[in-house]
Amino acid sequence: MKTQKIGIVGAGGMAAYHFDGFVQGGAEVAAVADPNPDRAAAFAKPRGITRIYQNLGDMLRGLPELAGVSIGTPNKFHKPLTLEALKSGRHVYCEKPPALNAGEMTEMLDAALESGRLLMFDFNNRARPEAQAMMSYIRSGRAGV
């Protein structure tokens, strides 16, 4: 199976978690895009990422082989970046919260369905052991009746 190439958008707080997760999953993080070139370089250099862009559009044009993008920007940018990536034919993994309101979320869902690409959100707490334990209690009828 061919290694999937991912681009990270936003070199701030969540970028390291996204990088680690994609690498552990077997993907190659091929680029980072951030409007602050110093922040992008500080994130990219220790991780061996050699392609740095100031915006998503340049990254998508510069690396047509990207299978998907990981969006870890401030919330107000999630929708426009997600729509841009989906319209370019890339899969999207987006930090939470997904959108500023239900209308934006509907636009994102429609774009994902239209593009035939995957759109995922980082609701990682659902995978935590205590959340899994609580779900087993609910399913068994021991809690949440």
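Just so you know, these numbers use all the heavy atoms, side chains as well, and skip hydrogens, waters and symmetry mates. None of these values were measured; they are calculated from a predicted model. We number each residue from 1, following the sequence as shown.
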>> Run the side-chain contact (heavy atoms from CB on, under 4.5 Å) test on Met135 and Ile138 for me, step by step, so that the C-alpha distance in whole Å, both residues' side-chain angles and the decisive distance to 0.1 Å come before the verdict.
In response: CA-CA 5 Å; Met135 282 308 298; Ile138 291 168; 4.1 Å; yes
>> Test side-chain contact (heavy atoms from CB on, under 4.5 Å) on Arg39 and Phe43; report intermediate values, then the result.
In response: CA-CA 6 Å; Arg39 182 173 49 218; Phe43 173 78; 5.7 Å; no
>> side-chain contact (heavy atoms from CB on, under 4.5 Å) for Leu119 and His91? Distances and angles first, verdict last.
In response: CA-CA 6 Å; Leu119 172 58; His91 302 290; over 6 Å; no
> Between Ile6 and Val69, is a side-chain contact (heavy atoms from CB on, under 4.5 Å) present by the stated rule, with each step listed?
Replying inline: CA-CA 5 Å; Ile6 304 296; Val69 298; 5.8 Å; no
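The structure places OG of Ser115 at 10.5 Å from CG of Asp110, a figure rounded to the nearest 0.5 Å. Put simply, CD1 on Ile49 and CD1 on Ile8 are 5.5 Å apart, with the number rounded to the nearest 0.5 Å. Here CZ of Phe77 is found 10.0 Å from CG of Leu100. Values are rounded to the nearest 0.5 Å. The structure places CG of Leu83 at 10.0 Å from CD of Glu114, a figure rounded to the nearest 0.5 Å. In this structure, Leu81 CG and Leu86 CG are separated by 11.0 Å, a value rounded to the nearest 0.5 Å. Distance check: Ile71 CD1 to Lys79 NZ gives 12.5 Å after rounding to the nearest 0.5 Å.
In summary, the side chains of Ser140 and Arg142 do not present any donor paired with an acceptor at a separation below 3.5 Å, with no hydrogens or angles considered. No hydrogens or angles considered: a donor-acceptor pair under 3.5 Å links the side chains of Arg51 and Tyr53.
The minimum heavy-atom distance linking Val32 with Ala44 is given by the pair CG1-CB, 3.9 Å. Of all the heavy atoms in Leu66 and Ala30, the pair that sits closest is CD2-CB, 4.2 Å. In this structure, Asp58 and Asn55 approach most closely via the heavy-atom pair N-OD1, 2.7 Å. Scanning both residues, Met59 and Ala31, for their nearest heavy atoms gives SD-CB, 3.6 Å. Across every non-hydrogen atom of Met108 and Ala99, the tightest pair is SD-CB, 3.9 Å. Considering all non-hydrogen atoms of both residues, Cys94 and Thr82 come closest at SG-OG1, 4.0 Å.
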Return all side-chain donor-acceptor pairs below 3.5 angstrom for residues 9-20, not counting sequence neighbours, or 'none' if the list is empty.
from, atom 1, to, atom 2, distance (Å)
His18, ND1, Ser70, OG, 2.4
His18, NE2, Glu95, OE1, 2.7

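Between the side chain of Arg90 and the main chain of Ala85, no donor-acceptor pair closer than 3.5 Å is present. No donor-acceptor pair under 3.5 Å is formed between the side chain of His78 and the backbone N or O of Lys96.
Qualifying salt bridge (Lys or Arg N to Asp or Glu O under 4.0 Å) partners for Glu28, counting only residues two or more places apart in sequence or in other chains: none.
Here the side chains of Leu60 and Glu84 are in contact, with some heavy-atom distance below 4.5 Å. Inter-residue side-chain proximity for Met120 and Val92 is flagged as unmet; no heavy-atom pair is nearer than 4.5 Å.
Atom CD of Glu130 sits in a crowded spot, with more than 12 heavy atoms from other residues, nucleotides or ligands closer than 6.0 Å.
In terms of hydrophobic clustering, with Ile, Leu, Val, Met, Phe, Trp and Tyr side chains grouped at heavy-atom distances under 4.5 Å, Val23 and Ile52 are assigned to a common cluster.
The ring of Phe121 has its center no closer than 6.0 angstrom to the ring center of Tyr93.
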